[in-house]
Student: 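The structure is given below, and queries will be raised subsequently.
All values below come from the heavy atoms of this structure, side chains included, with hydrogens, waters and symmetry mates left out. Here is how names work: the chains are called A, B, and so on, in the same order as the sequence lines, proteins then strands, and each is numbered from 1.
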Amino acid sequence: MPGKDLYRTIRLIRRFEERALELVRAGEIGSGIHPCIGQEGVAAGVCAALEPGDRILATHRGHGHLLAKGTDPRRLMAEMAGRSTGIDAGRGGSFHPSDPDAGVVGATGTVGHSVGIAAGVAWALARAGGGRVVACFFGDGAVSQGALLEGLNLASLWRLPVVYVCENNGYATTLPVATAVAGTITGRGEAFGIPSRTVDGQDPETVLAATAEAVRRARDGGGPSLIEMSTYRFLGHHTFESSVRLRYRDEAEVAAWKERDPLQIQAARVSEADRARIDAEVEALLDEVVAYTLASPRPDPAGGLDHLYADAIPVRAGVS
Amino acid sequence: MPGKDLYRTIRLIRRFEERALELVRAGEIGSGIHPCIGQEGVAAGVCAALEPGDRILATHRGHGHLLAKGTDPRRLMAEMAGRSTGIDAGRGGSFHPSDPDAGVVGATGTVGHSVGIAAGVAWALARAGGGRVVACFFGDGAVSQGALLEGLNLASLWRLPVVYVCENNGYATTLPVATAVAGTITGRGEAFGIPSRTVDGQDPETVLAATAEAVRRARDGGGPSLIEMSTYRFLGHHTFESSVRLRYRDEAEVAAWKERDPLQIQAARVSEADRARIDAEVEALLDEVVAYTLASPRPDPAGGLDHLYADAIPVRAGVS
Amino acid sequence: MPKLSYLKALNRALGDEMARDDTVFLLGEDVNHALTNTTHGLLERFGPQRIVETPLSEQGFTNFATGAAMAGLRPVVEFQIPFLLLLVFEQITNQAAKFRQMSGGQVSVPVTYLLPSAGWRKEWGGQHSDQPYSLFAHMGVKTVVPATPTDAYGLLLTAIRDDDPVVFFAPIAALGVREDVDHAALQPVPLGVGRVHRPGTDVTLVAIGHPVHDALAVAEELAGEVSVEVFDPRTVHPFDWAGLAASVARTGRLVVVDDANRSCGLAAEILATAAEEFALAAPPVRVTRPDGAILGAVPQLDLALQPSREQIAVAVQKVLKSTG
Amino acid sequence: MPKLSYLKALNRALGDEMARDDTVFLLGEDVNHALTNTTHGLLERFGPQRIVETPLSEQGFTNFATGAAMAGLRPVVEFQIPFLLLLVFEQITNQAAKFRQMSGGQVSVPVTYLLPSAGWRKEWGGQHSDQPYSLFAHMGVKTVVPATPTDAYGLLLTAIRDDDPVVFFAPIAALGVREDVDHAALQPVPLGVGRVHRPGTDVTLVAIGHPVHDALAVAEELAGEVSVEVFDPRTVHPFDWAGLAASVARTGRLVVVDDANRSCGLAAEILATAAEEFALAAPPVRVTRPDGAILGAVPQLDLALQPSREQIAVAVQKVLKSTG
Ligand SMILES: Cc1ncc(C[n+]2csc(CCOP(=O)(O)OP(=O)(O)O)c2C)c(N)n1
Ligand SMILES: Cc1ncc(C[n+]2csc(CCOP(=O)(O)OP(=O)(O)O)c2C)c(N)n1
Ligand SMILES: [Mg+2]
Ligand SMILES: [Mg+2]
């Protein structure tokens, strides 16, 4: 029953990030994080439309993407805290995590470039057969990045099985969409012949339905789709915002969006009893997640050059 | 009377390139050239809609653009032949000529990137006032280059006075438009809110009328426009094609397009007598152009590092 | 005397130059809200025609700056992260930097590319900590890496006034550096002129950017046993070869600290030139990051890859002991 | 024995490897019509799923290759002009080359970037003649610059089979080189292993790419007066330091020819390492292009900027005469 699962996923992401914020304040997650609180409905709804064999590309605001796709929360938190038990042995951190086992190809820091990467992954999956698809997340800030537009053209030209998910949360850091985007976001998809639509990203079931349709088209060889999800981040761009005074959104706007909290919207669709049970399970899991993280070792400083290359080529030290 | 002037310009470009082809065969223009024969109507029609104070950005197939904007044919041919009397003292050559005096900003070799450069020029002109505009030429191959699409977004966001002229001659080197462009060319402009239309690039007066409308909008602060000119190059991508056997266009297609020669189309609008006079003037001029070119000296080899920097910073030689 | 921080020096230089010359304008991401602090107060002071907020279209606005510069303006383009300079590497090195020569000297492209966050960004992952200044030197683009507030102020003024493209690297690790300055005495610093921060007679210790401060600390620490001259080229290209030659002529020994990847870095160029042209009493030594080092998300891993004061001290002692 | 040209060696290596491993595919511009000749006959042989024509979207298809590689394929991406590698510099160095480390070693990105036209393109203007291999070395990306048909064949095989990104520079000036080869004997050449083309006892003359042939000509020309060992590293990164050390240990003298810009180039790295680690009987000498040289539209201007055989000969004689 998707309603309950969606609720569980959203609840997990919300509480995971709230616990992560504590670890940021405690200095355990030194990078700080880009919280996705308020946008969980997109991650949950999109990934609910995917199969385990499908792949995703996450963003810098990607904890929700990974959790929804099935990454182990213990090892994700450990990764964010730079522990060797992390999904990437601490080398990816909060910003650039990848989790091949869960189908998470990665999260490049170059905003928008995941679109071309996703096309390449989709090409490989299509060649292998089996109808697998790729979901590629990016933000509204990414839609004026040339490499993203080049990637859309390639995905459409070659009818690749990708669902492009634009999380339009209204801002790229401090930059409002209106001052950055001439024309529209869906118009960029249409320019390349890609079926494109805008849906309410705060309603997890709307997101799921829209994604499911696009996934079906992709599996059937119908090529890529673009879905613009109207959403909002309830917190700052990055946790550093709590320390600097950036006034680019007004209180009223933030308050209005908080009225449309995906957690509340989905909670209303789940019985009191189920919610209580799920909430309790999530809390128990997150206690375990935090304990696991704090108990995990930090990487050995001697390993700074590990994983630079596939083979053991000689890498000279900084002093001879 | 525009009809006659258009004819003169087209005739000049056609014969200029035919003479240039002779100099290529004679080894005087070592780079070879990208002939625009067949596309002269676009250069002539677009530049006929411009004032001397307006600017253009040319392409690698740019001889027509420069001649139509008013570059001295003697010094353009000398430039192509690597002579120090050339418009760029031989440093630009056929591929990267600029001619500030004639309003030719330049021709970058990076296909499509002129679009962002043109936006910057237009911004500066707009700030200075006086209603000047920029015409920016690019080919069909450029429309899937990310930097071009980024440039269109900026030009539209900031309502800059630019007329974007896409010369769609059906191919990017050997690549047919259909295999390179998902969606449409005008759709790319519309995606960024830019008024975009397709016109017959073989009819010089149609080109002039469409450009004049876009220029008017730009001068009036209405922002950029995009015009797709349907055209065709009668010869190979570059003169090297005569030496290699590339079969990417079939004879019939080439023949059909040659039926729509801008020179013939415009000639039909000019009286026998006028044509005879103009043709004679053009021949006389081109004899002078070739004589001037061949009589011009080649740059002193000692000047290889000239113009690297604005000031005389120490540039070390290749051996100390 | 009032204190001036490196970051404030950048902000002041921008403000002063924009006030002095109205062809100067700045564009970049989040500049309205001065995310990097360099544009703090400038939007209010100069308005949206001079402080221009851009979308995430780095190639587009870098080309835009090229065009605006060719048409007579002096754009300053701000980039938030080092890799963004890699993203626009072609637009700077193959376009902006080549138009002058390709036009036979007719066209000028006076653009300043300002990176107020060069180098290591603690725990920000593998894509935020590059130090790519040597790449621009190889391509022949004027490039500066100031270490102090006064040099940052003076070189930013000079970069903006220069008629060629200039890439300005402000190391994150130096942004907090503060200096007593008489604001009235602040002035342009010429390109290609190094600075001897501390005179010495036994070893020339070359450092650029934030390692200058480590070099000075090590020189002080070793003052008892050895007299270290700390030379800061300040400009990567054009490089002050005459200044370095004079210093090495005095000391006869050379150590170079460069917090960048080792292969084909600035330190390599300095040692190569020294080997060809200078008389050295002992083999020179480089202290750099390892070949192809990627600084990542775990500080203790990163710190093991960055030049340390201890390594610098050991290198100084090594060149003292050995003889060529 | 049959003659094999460098260009044909590239074509043959691609065909052989595509036949051996069906995860290998090639993408690029005008590849269907083999504009560069490297893909001649391959579309007919392997079809449009293996030879993929792309629009002018270099960043897009470079990222595409990264994705395809992360999903198990082995893309070869062809670029027509050197500056196109500058255009995708960020996608290669900051993305493709970093995913392995950022994933803690879980992700491989086996992409080969093939530039079959590195260096000077006579009279093609200022934007077509770059030689940017040292830039990739600085960023830690595996990079090869073969000088001969057999090395081109062997290194292209190795590059494609390598599990990391590898940039392959084929110098225009070497494409016509022909060699007698027994096709059956053609085999992979390992990365990071140099080659002594000609043994000698007096001077080690290092050259990479097309200058190797100039170095050999000069060595022959000077054979009467001096015994020159010609060392070709073949790979820029990882570099064969052990091989070079062994050669210099034999000769005690070093000259490096590098047809690339001088500052922070490969020649700088070689001289720097030699100065630090090798015992030299005389100061080493570089023969390169000038700082920031732009090769343009007029051959006589360009030729004055490129390393000449005469310069190489003079350099060899110079290191012989001088003593360290
Ligand atoms: C190409 C590029 N430009 C700039 C940056 C710096 N940066 C990182 S996140 C970000 C904002 C992205 O906004 P958006 O895509 O809307 O995602 P959101 O943060 O809103 O989730 C910026 C400017 C970058 N990482 N990559
Ligand atoms: C970004 C970029 N990619 C590739 C090239 C190589 N190249 C030069 S011209 C050309 C074809 C351009 O086609 P189009 O834009 O249609 O112009 P046309 O030659 O048809 O006039 C190509 C691929 C280049 N110069 N720049
Ligand atoms: Mg956003
Ligand atoms: Mg075309």
Side-chain angles (χ1 to χ4, degrees), chain A residues 29-32 60 79-80 82-84 86 88-97 108-113 139 141-148 172-176 179-182 237 244 246-248 298-309 313-320, chain C residues 29-35 37 48 53-61 80-81 83-84 86-87 121-128 257-263 267 283 285-308 311-312 314-315 318:
Chain A
I29 299 176
S31 63
H60 55 283
E79 182 62 31
M80 294 156 62
R83 302 305 211 271
S84 47
D88 302 308
R91 269 64 173 185
S94 166
F95 295 11
H96 311 302
T108 185
T110 316
V111 166
H113 289 232
V143 303
S144 298
Q145 177 72 198
L148 174 142
T173 315
T174 67
L175 186 67
T179 62
V181 178
H237 170 71
V244 294
L246 291 172
R247 289 203 198 66
Y248 58 92
R298 297 182 187 279
D300 174 354
L305 293 174
D306 292 353
H307 315 305
L308 261 188
Y309 301 99
I313 68 167
V315 174
R316 299 180 305 166
V319 272
S320 61
Chain C
E29 292 156 19
D30 304 297
V31 295
N32 285 358
H33 294 277
L35 197 66
N37 285 308
E53 184 94 283
T54 61
L56 280 64
S57 304
E58 291 79 10
Q59 299 195 326
F61 64 69
Q80 294 179 345
I81 309 173
F83 81 76
L84 297 176
L86 306 180
L87 187 57
R121 190 173 301 205
K122 188 164 176 277
E123 291 170 310
W124 272 46
Q127 294 178 305
H128 287 81
V257 195
D258 183 20
D259 179 25
N261 290 354
R262 189 170 185 81
S263 284
V285 175
R286 281 181 287 181
V287 183
T288 66
R289 297 182 188 178
D291 284 341
I294 296 172
L295 300 187
V298 185
Q300 56 270 40
L301 294 177
D302 301 346
L303 289 167
L305 302 181
Q306 295 173 62
S308 68
Q311 287 173 320
I312 299 169
V314 170
K318 181 179 170 192

Student: Sort out for me which of A:Ala172, A:Gly82, A:Ser144, A:Ala147 touches chain C most, counting heavy-atom pairs under 4.5 Å.
Tutor: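 Between A:Ala172, A:Gly82, A:Ser144, A:Ala147, the count favours A:Ser144.
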
Student: Main chain of A:Thr174, side chain of C:Asp30: is a donor-acceptor contact present, judged purely on distance under 3.5 Å?
Tutor: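 Between the backbone of A:Thr174 and the side chain of C:Asp30 there is a qualifying donor-acceptor contact (under 3.5 Å).
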
Student: A:Thr173 versus C:Glu29: any side-chain heavy-atom pair under 4.5 Å?
Tutor: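 Not in contact.
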
Student: Between chain A and each of C:Val287, C:Val314, C:Leu303, count heavy-atom pairs under 4.5 Å; write down the option with the most.
Tutor: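 Among the listed options, the one with the most contacts to chain A is C:Val287.
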
Student: Select one option (side chain, backbone, both, neither) describing which atoms of A:Asp88 are under 4.5 Å from chain C's heavy atoms.
Tutor: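 No part of A:Asp88 comes within 4.5 Å of chain C.
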
Student: Is the backbone N or O of C:Asp291 less than 3.5 Å from a side-chain atom of A:Arg316, with the two atoms forming a donor-acceptor pair by type?
Tutor: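 No.
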
Student: Please assess A:His60 against C:His128 for the test ring pair (Phe, Tyr, Trp, His ring centres under 6.0 Å), listing each intermediate value before the final yes or no.
Tutor: CA-CA 12 Å; A:His60 55 283; C:His128 287 81; 9.5 Å; no

Student: What about the rings of A:His237 and C:His33, do their centers lie closer together than 6.0 Å?
Tutor: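 Not under 6.0 Å, so no.
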
Student: Counting only N and O atoms by type, is there a donor-acceptor contact under 3.5 Å from the side chain of C:Gln300 to the main-chain atoms of A:Pro301?
Tutor: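 No; judged by distance alone, with no hydrogens or angles, the pair does not exist.
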
Student: Can you tell me which portion of C:Thr54 sits under 4.5 Å from chain A's heavy atoms? Options are side chain, backbone, both or neither.
Tutor: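 When you check distances to chain A, only backbone atoms of C:Thr54 fall under 4.5 Å.
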
Student: I need the C:Ile294 CD1 to A:Leu305 CG distance, nearest 0.5 Å.
Tutor: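 If we round to the nearest 0.5 Å, C:Ile294:CD1 and A:Leu305:CG are 9.5 Å apart.
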
Student: Please look at A:Arg298 and chain C and tell me whether the side chain, the backbone, both or neither of the residue comes under 4.5 angstrom of a heavy atom of that chain.
Tutor: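 When you check distances to chain C, atoms from both the backbone and side chain of A:Arg298 fall under 4.5 Å.
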
Student: Does the side chain of C:Glu58 come under 3.5 Å of the side chain of A:Gln145 through a donor N or O and an acceptor N or O?
Tutor: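 Yes, because at least one side-chain N or O of C:Glu58 sits under 3.5 Å from a partner of the opposite role on A:Gln145.
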
Student: Check each atom of A:Ser94 against the heavy atoms of chain C and say whether the ones under 4.5 Å are side chain, backbone, both or neither.
Tutor: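 The answer is neither part of A:Ser94.
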
Student: With only heavy atoms counted, which part of C:Leu305 is less than 4.5 Å from chain A, the side chain, the backbone, both or neither?
Tutor: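 Side chain only.
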
Student: Under 4.5 Å from any heavy atom of chain C, what part of A:Leu308 do you find: side chain, backbone, both or neither?
Tutor: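 For A:Leu308, the contact with chain C is made by the side chain alone.
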
Student: Using a 4.5 angstrom heavy-atom cutoff, name the option from C:Leu87, C:Asp302, C:Asn261 with the most pairs to chain A.
Tutor: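 Looking at each of C:Leu87, C:Asp302, C:Asn261 in turn, C:Leu87 comes out on top.
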
Student: Say you draw a straight line from OG1 of A:Thr179 to CG of C:Asn32; how long is it, rounded to the nearest 0.5 Å?
Tutor: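 One finds 7.5 Å between OG1 of A:Thr179 and CG of C:Asn32.
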
Student: Indicate yes or no: at least one non-hydrogen side-chain atom of A:Arg91 is less than 4.5 angstrom from one of C:Val298.
Tutor: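 No; the side chains remain at least 4.5 Å from each other.
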
Student: The test is side chain to side chain contact (heavy atoms under 4.5 Å, CB included); show your working for A:Ser31 and C:Arg121 and say whether it passes.
Tutor: CA-CA 9 Å; A:Ser31 63; C:Arg121 190 173 301 205; over 6 Å; no

Student: Pick one of side chain, backbone, both or neither for C:Arg286, based on which atoms fall under 4.5 Å of a heavy atom in chain A.
Tutor: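 It is both, since atoms from each part get that close.
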
Student: Specify whether C:Trp124 and A:Phe95 have parallel, tilted or perpendicular ring planes, treating 30° as the upper limit for parallel and 60° as the lower limit for perpendicular.
Tutor: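 Perpendicular: the ring planes of C:Trp124 and A:Phe95 meet at over 60°.
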
Student: Which region of C:Ile81, side chain (C-beta onward) or backbone (N, CA, C, O), has a non-hydrogen atom less than 4.5 Å from a non-hydrogen atom of chain A, or is it both or neither?
Tutor: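 Neither part; nothing is under 4.5 Å.
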
Student: Can you say whether A:Ala317 sits under 4.5 Å from chain C via the side chain, the backbone, both, or neither, judging by heavy atoms?
Tutor: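 The backbone, not the side chain.
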
Student: Of all heavy-atom pairs between C:Ala297 and A:Gly90, which one has the smallest distance, and what is that distance?
Tutor: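 In terms of heavy atoms, the two residues are closest at CB-O, 3.5 Å.
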
Student: What part of A:Val111 gets within 4.5 angstrom of chain C, counting heavy atoms only: side chain, backbone, both, or neither?
Tutor: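 For A:Val111, side-chain heavy atoms alone lie under 4.5 Å from chain C.
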
